[in-house]
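One structure is given below, encoded as structure tokens.
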Amino acid sequence: MPARETIYESWTRQGITRRGFLKLSAVLTASLGLEYSGVTKVQAALQSNALLPVIWLEFQDCAGCSESLTRSHNPTLVDLVLNSLTIDYHETLMTAAGFQAEASKTQAMQDYAGEYILVVEGAIPDGTNGYCTIGGKAAKDILTDAAKNAAAVIAVGNCATFGGLPKANPNPTDAGGVWDFIDKNKVVNIPGCPPIPETMTNTIAYYALFHKLPELDDKRRPMAFYQHTIHERCLRRAFYAEGKFAASFDDEGYRNGWCLYKLGCKGPITYNACAGLKWNQGVSFPVESGHPCLGCSEPNFWDGGGFYEGLSSPLDEPTLVAVLGAAAAGAAIGAGMVAANRAQKKKAQQAEGKGEA
Amino acid sequence: MDLLELARGPLFTGALLFFIGGMSYRLVTVIGMGWRRNRVPSKKNPSVGAGVSLLKGWLIFPFWPRVRGTFARNPVIYIAGFLFHLGLFLIVLFGAAHMLVWKDLLGFGWPTIPLPFIDGLTVAVILALIALAFNRLAHPVVRKLTRPGDWLNLLFVALPFITAFMLAHGIGPRYERMFAVHVLTVDWLLVWIPLSRISHFVFYFFSRTNYGAQYARRGATS
């Protein structure tokens with residue numbers, strides 16, 4: 001088993017001074033959303049905790065979440081995840097390939113049993129339908145094997161969390177998210193398409209420091225990042241309240257930066273940190289740059305109505321045939337009732353007539 | 001499929017089709033009730049009577065000389081009823097979220113009213129419904145005429161407004177759940193309308209014109 005150096009030792013080996021360490025631990029505390037008093041806890045953890053081994057599996061994915069991770073703007077956290085934490089297996093980032101790579105993964109799983117973090121990217125097809133196999137092994141089996149001895153499983157991206165695009169109707173591969181296949185209590189979901197890099201790095205960092213999962217919501221997303229909707233923090237929110245909406249992508253309202261609700265924005269039901277943390281070193285986020293929120297951190301966002309259809313619009317409006325059919329059926333039953341009533345009335349009148357006679 | 005998808009999807013479609021079918025059924029049964037032919041010569045033109053009666057139905061205004069009596073007889077019904085109907089139409093047609101429903105169903109949209117106004121109208125509608133409910137208890141004649149279905153009508157009509165107010169102000173469960181509850185109350189209202197007297201929004205015009213015509217036959221200017 002390899003020697004386990006602490007995170008602090010790893011940093012000093014890389015030339016980070018004591019002052020640098022103190023600064024970095026303050027930055028880390030803030031980025032984890034902890035109070036200032038948490039700094040000492042973070043410092044203590046950095047000095048005592050060993051490097052955290054990470055195994056990163058990719059299934060039915062586009063590697064967009066990995067791409068997002070490598071664009072994390074906070075260098076401390078990228079260093080923390082990519083250098084200080086040991087990534088022992090990552091299909092996109094590692095240099096090994098083939099049997100060598102598989103051997104590396106098996107070794108890591110044995111050496112760090114019960115300690116490693118398993119990060120999963122991409123949806124998992126159910127059963128043995130032949131979709132998504134690595135080395136002849138089905139994705140579902142690879143996942144359950146790797147999750148068995150993992151300390152925690154972090155599902156990143158909408159595909160790994162809720163099934164994402166692969167699960168979208170008609171879901172040809174019977175795909176699902178990680179929590180459909182393993183014990184839910186072990187899973188942390190970091191949805192998004194892709195997730196904001198900091199939401200991934202900070203969650204891994206939180207586990208590295210405190211050896212426990214952060215506070216989660218009912219969809220097992222860290223509260224620190226998924227507590228508020230995009231709408232709650234949106235910079236166009238005031239226009240919503242004022243009733244100033246862009247009605248198309250080229251009208252005056254759009255040019256004035258008004259609310260994108262009528263263009264299909266899913267901000268009011270989408271929990272994510274986009275409007276707060278933002279993207280690309282805090283430059284902007286989709287709604288700020290002029291596109292309605294797609295709701296990519298929520299389940300079934302591909303099937304939740306069209307991206308440009310209003311949040312309130314019906315999901316499947318009835319066809320003209322169905323409408324006419326319903327009207328015709330109602331009219332036919334009504335006509336039947338009328339005929340029956342008239343027949344009854346006539347009969348009653350006849351009976352009355354006979355009685356008089 | 002979560003609650004919101006269920007409410008916006010199959011339940012809404014089903015409720016809408018039931019509404020269309022139900023209203024169509026009721027319309028046919030009313031038309032086919034079997035009107036007896038009146039062979040007595042009309043004293044005044046029945047069509048004019050029907051038209052005048054219909055216009056009076058539209059031109060309800062407190063100080064309109066011909067309908068002042070309506071106001072004086074029961075101001076609560078008059079004001080609350082007016083506020084409720086005004087709010088209902090403005091909200092359902094010109095609330096931004098509602099316009100998007102129409103846009104999806106009809107294929108075209110229109111400008112909407114800012115949220116604070118819609119919010120104010122929602123409060124007005126809820127207060128009006130409360131006033132109408134009290135009036136049902138307080139007014140001896142209305143109390144005699146009230147049946148259990150009337151209380152359910154008030155309740156089922158009030159629910160979408162109450163849930164909408166809670167939704168807009170963050171009262172109660174998280175937004176998406178409250179939103180789902182709001183849509184569910186609307187789905188249920190669509191089912192309830194053809195089964196209840198709320199269907200008067202169609203039959204009102206038939207009964208008014210019919211009465212107008214009948215009065216004209218007997219020589220009364222409606």
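In what follows, chains are A, B, ... by sequence order, proteins preceding strands, each numbered from 1. Remember, it's a predicted structure, so these values are computed and weren't measured experimentally.
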> Top residue by heavy-atom pair count (under 4.5 Å) with chain A, among B:M23, B:H182, B:R174?
Replying inline: B:R174

> Is a side-chain N or O of B:T13 found less than 3.5 angstrom from the main chain of A:D316, in a donor-acceptor match?
Replying inline: yes

> Checking B:F18 against chain A: side chain, backbone, both or neither under 4.5 Å from a heavy atom?
Replying inline: neither

>> Heavy-atom cut-off 4.5 Å, strictly under: side chain, backbone, both or neither for A:Y240 against chain B?
In response: both

>> Please classify the contact of B:L16 with chain A as side chain, backbone, both or neither, using a heavy-atom distance under 4.5 Å.
In response: side chain

>> Less than 4.5 Å to any heavy atom of chain B: does that hold for the side chain of A:E309, its backbone, both, or neither?
In response: side chain

> If you measure from CZ on B:F179 to CD1 on A:I269, what distance do you get to the nearest 0.5 Å?
Replying inline: 7.0 Å

> Out of A:A328, A:S313, A:P268, which one racks up the most heavy-atom pairs below 4.5 Å with chain B?
Replying inline: A:S313

> For B:M99, is it the side chain, the backbone, both, or neither that has a heavy atom closer than 4.5 Å to a heavy atom of chain A?
Replying inline: side chain

> Is there a donor-acceptor pair under 3.5 Å between the side chain of B:R8 and the backbone N or O of A:L311?
Replying inline: yes

>> Between B:F12 and chain A, with a heavy-atom cut-off of 4.5 Å, which part of the residue counts as in contact: side chain, backbone, both or neither?
In response: side chain

> Counting N and O atoms only, with roles assigned by atom type, does the side chain of B:S24 sit under 3.5 Å from a partner on the main chain of A:A327, one being a donor and the other an acceptor?
Replying inline: yes

> Any ion pair linking B:D2 and A:K219 (charged N to carboxylate O, less than 4.0 Å)?
Replying inline: no

> What's the verdict on side chain to side chain contact (heavy atoms under 4.5 Å, CB included) for A:D303 and B:E5, showing C-alpha distance, side-chain angles and the deciding distance?
Replying inline: CA-CA 9 Å; A:D303 294 329; B:E5 287 167 335; 5.5 Å; no

> In Å and rounded to the nearest 0.5 Å, what is the OH to CD distance from B:Y175 to A:E232?
Replying inline: 10.5 Å

>> Which atoms of A:N341 are under 4.5 Å from chain B, going by heavy atoms: the side chain, the backbone, both sets, or neither?
In response: neither

